[in-house]
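In what follows, a single structure is set out as structure tokens and then discussed.
All of these numbers come straight from a predicted model, not from anything done at the bench. What you see below is based on every heavy atom in this structure, not just the backbone, and it leaves out hydrogens, waters and symmetry mates. The chains referred to below are lettered A, B, ... by the order of the sequence lines, with proteins before strands, and numbering in each begins at 1.
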There are 2 protein chains.
Amino acid sequence: MFDDSWEPPAILLAVDLVILTLRDSRLHVLLIERGIEPHRGTLALPGGFLRDANEDIEDAARRELNEEAGLADVHLEPLNVYGEPGRDPRGRVVSVAYLAITPRLPEPVAGTDAVRACWTSVEDALSSDAELAFDHRRIVADGVERARTKLEHTALATAFCGETFTISELQQVYEAVWGIQLDPRNFYRKVQGARGFIVADGPLRRTANGRPARLFRAGPDQVLYPPMVRTAHVAPQGPNGSAN
Amino acid sequence: MFDDSWEPPAILLAVDLVILTLRDSRLHVLLIERGIEPHRGTLALPGGFLRDANEDIEDAARRELNEEAGLADVHLEPLNVYGEPGRDPRGRVVSVAYLAITPRLPEPVAGTDAVRACWTSVEDALSSDAELAFDHRRIVADGVERARTKLEHTALATAFCGETFTISELQQVYEAVWGIQLDPRNFYRKVQGARGFIVADGPLRRTANGRPARLFRAGPDQVLYPPMVRTAHVAPQGPNGSAN
DNA sequence: CGAATAGTGTCTCTTAGACATTATTTA
DNA sequence: TAAATAATGTCTAAGAGACACTATTCG
């Protein structure tokens, strides 16, 4: 059964990054225009090969995050492995995808390596019109789905916000990622009831009009109890059905 | 920034399998005694390298499952990637771990490749006494944790059972994996309330005494609604506290 | 019949969701 | 003051957990 001369095949290992953020109350993913073959000129996820055989995989992900998107210190977690034979014409490439979550950034970041980096709404990126390199559409879809479910059971939502945030800002995160409307009053109760999720930090007046909102920061706990269950709450109806 | 002569490093790709089953109402994992270096003689997960550069990763997992454990047609799902430099002395080995769930098997399976294959209770495998090769203890722990949470939201529990099963058998799955006792009457209600989870199949009388139980088989849906939430139900107290 | 297990019904308390109300700011 | 947003309170219906009860088998 064994051939003594047999040796395991060599593989190329890549990392790909699904970097999500919120822009204009909608979920966006960072895409770059590829500067080299294959798929030169088409949109793709930031990523690349391991630099050397001793580089840690997550370190490589952070390095690419920095090189191609100029980002550091973001929430990063393993998403999945994509290794189907034939997914990359350069040979047998196995890619480890990571999910990265960042707060809203001031301007579209300019990568150093990639030709062009741009935030694309997840809706657009997943629409059948958009062309994405390799199997990156699938990876984006998996990343979004992961974010959706993690929002229910973990404090991931705070990773979309800055250091401090108001409760309605946090609500916007949930609404954008889940794609549904939530009742602000019930959201308030729920979010406060989840122990260790958020802690108060001092008031602020930000908006032009209206009562100023309290500021919070991420609490100590990552797993939420009770969880933020995503049931079929419908948008609260205004008295005038015509608006919006 | 780029060196034109640079080439991405080659790595070795392996698969490892966390195969879980139920024996004597306890969760067990399949371990093999390694027949070759490194870690010759110590316990490890079944697994191995990709056979060639064109083999699909999940196919490789199924092949190893068959070669080392004599199993086919089991529930299989990707668990995680383990690629820390130095985890394998043979070089840079990145391992894709899969989680496999099987019904109770008649006898301890004998592998063709491995020296010896044996079912080990998860409790024993994770105890600090047991020595596991590489980072396999961590992988086992991750697999068990995955099974625990998937039991809540998916129909995974039926994969531990045979083609048909009684509701109390299904309850034993939940009790073993979660490590808690459940109230049979509430379990009944819940499991029946989860749409598409199980469907009736015809009666049976199996046990020596007691009313015969209805038989069920796995239903059409994989995601459970409502989910089987795992809260802190305590074991039902008999009227006589001394028993058991 | 009694023992043992299967299955159903009922009660209570918690909580999710709907929605009214009060509070605090700017213009 | 009006407009706007923040925060709290109340009601109701659904669901979780506790547990009594009925049903069906074997000996």
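The OH-P distance, from B:Tyr188 to D:dA16, rounds to 18 Å in whole Å. Rounded to whole angstrom, the span from the CG atom of A:Asp183 across to the P atom of D:dG9 amounts to 16 Å. Atom pair B:Ile198:CD1 and C:dA6:P shows a separation of 13 Å (rounding to whole Å applied). When rounded to the nearest whole Å, the span between CD of A:Gln172 and P of D:dT5 equals 11 Å. Atom CZ of A:Arg230 is separated from atom P of C:dA16 by 16 Å (rounded to the nearest Å). Atom CZ in A:Phe187 sits roughly 20 Å away from atom P in C:dC19 (whole-Å rounding). Between the OH atom of B:Tyr225 and the P atom of C:dA16 there is a distance of 12 Å, rounded to whole Å. Atom CD in B:Glu152 sits roughly 13 Å away from atom P in D:dA16 (whole-Å rounding).
Contacts of A:Asp221 classified as side chain to side chain contact (heavy atoms under 4.5 Å, CB included), with partners at least two apart in sequence or in another chain: none. A:Ser168 pairs by the side chain to side chain donor-acceptor pair (under 3.5 Å) definition with A:Thr166, not counting sequence neighbours. Evaluation of the side chain to side chain donor-acceptor pair (under 3.5 Å) rule for A:Asp135 yields A:Arg87 as partners, not counting sequence neighbours. Shown here are the side chain to side chain contact (heavy atoms under 4.5 Å, CB included) partners of B:Gln171, two or more places apart in sequence or in another chain: B:Glu175, B:Leu182, B:Pro184, B:Phe187.
Looking at the side chain of A:Ser168, the nearest of the listed nucleotides D:dA6, C:dG7, C:dA6 is D:dA6.
Looking at heavy atoms from C-beta onward, A:Ile19 lies out of side-chain contact with A:Val29 at the 4.5 angstrom threshold. Residues B:Gln192 and B:Phe216 are in side-chain contact: their nearest non-hydrogen atoms beyond the backbone lie under 4.5 Å apart.
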Just list the side-chain donor-acceptor pairs under 3.5 Å for residues 70-77 of chain A, sequence neighbours left out, or say none.
residue : atom : partner  : partner atom : Å
A:His75 : NE2  : A:Glu77  : OE1          : 3.3
A:Glu77 : OE1  : A:Lys150 : NZ           : 2.9
A:Glu77 : OE2  : A:Arg146 : NH1          : 3.1

List the atom pairs, with distances to 0.1 Å, where a side-chain N or O of residues 193-205 of chain B and a protein N or O form a donor-acceptor pair under 3.5 Å, not counting sequence neighbours.
residue  : atom : partner  : partner atom : Å
B:Asp201 : OD1  : B:Arg217 : NE           : 2.6
B:Asp201 : OD1  : B:Arg217 : NH2          : 3.3

Please set out all donor-acceptor pairs under 3.5 angstrom arising from side-chain atoms of residues 124-134 of chain A, sequence neighbours excluded.
residue  : atom : partner  : partner atom : Å
A:Asp124 : OD2  : A:Ser121 : OG           : 3.4
A:Ser127 : OG   : A:Asp124 : O            : 3.1
A:Ser127 : OG   : A:Asp129 : N            : 3.3

Please list each protein N or O that sits under 3.5 Å from an N or O in nucleotides 11-15 of chain C, with the distance.
none

- Let me have a per-nucleotide readout for nucleotides 21-27 of chain D, 5' to 3', with B, S or -, counting only protein heavy atoms under 4.0 Å. --BBBS-
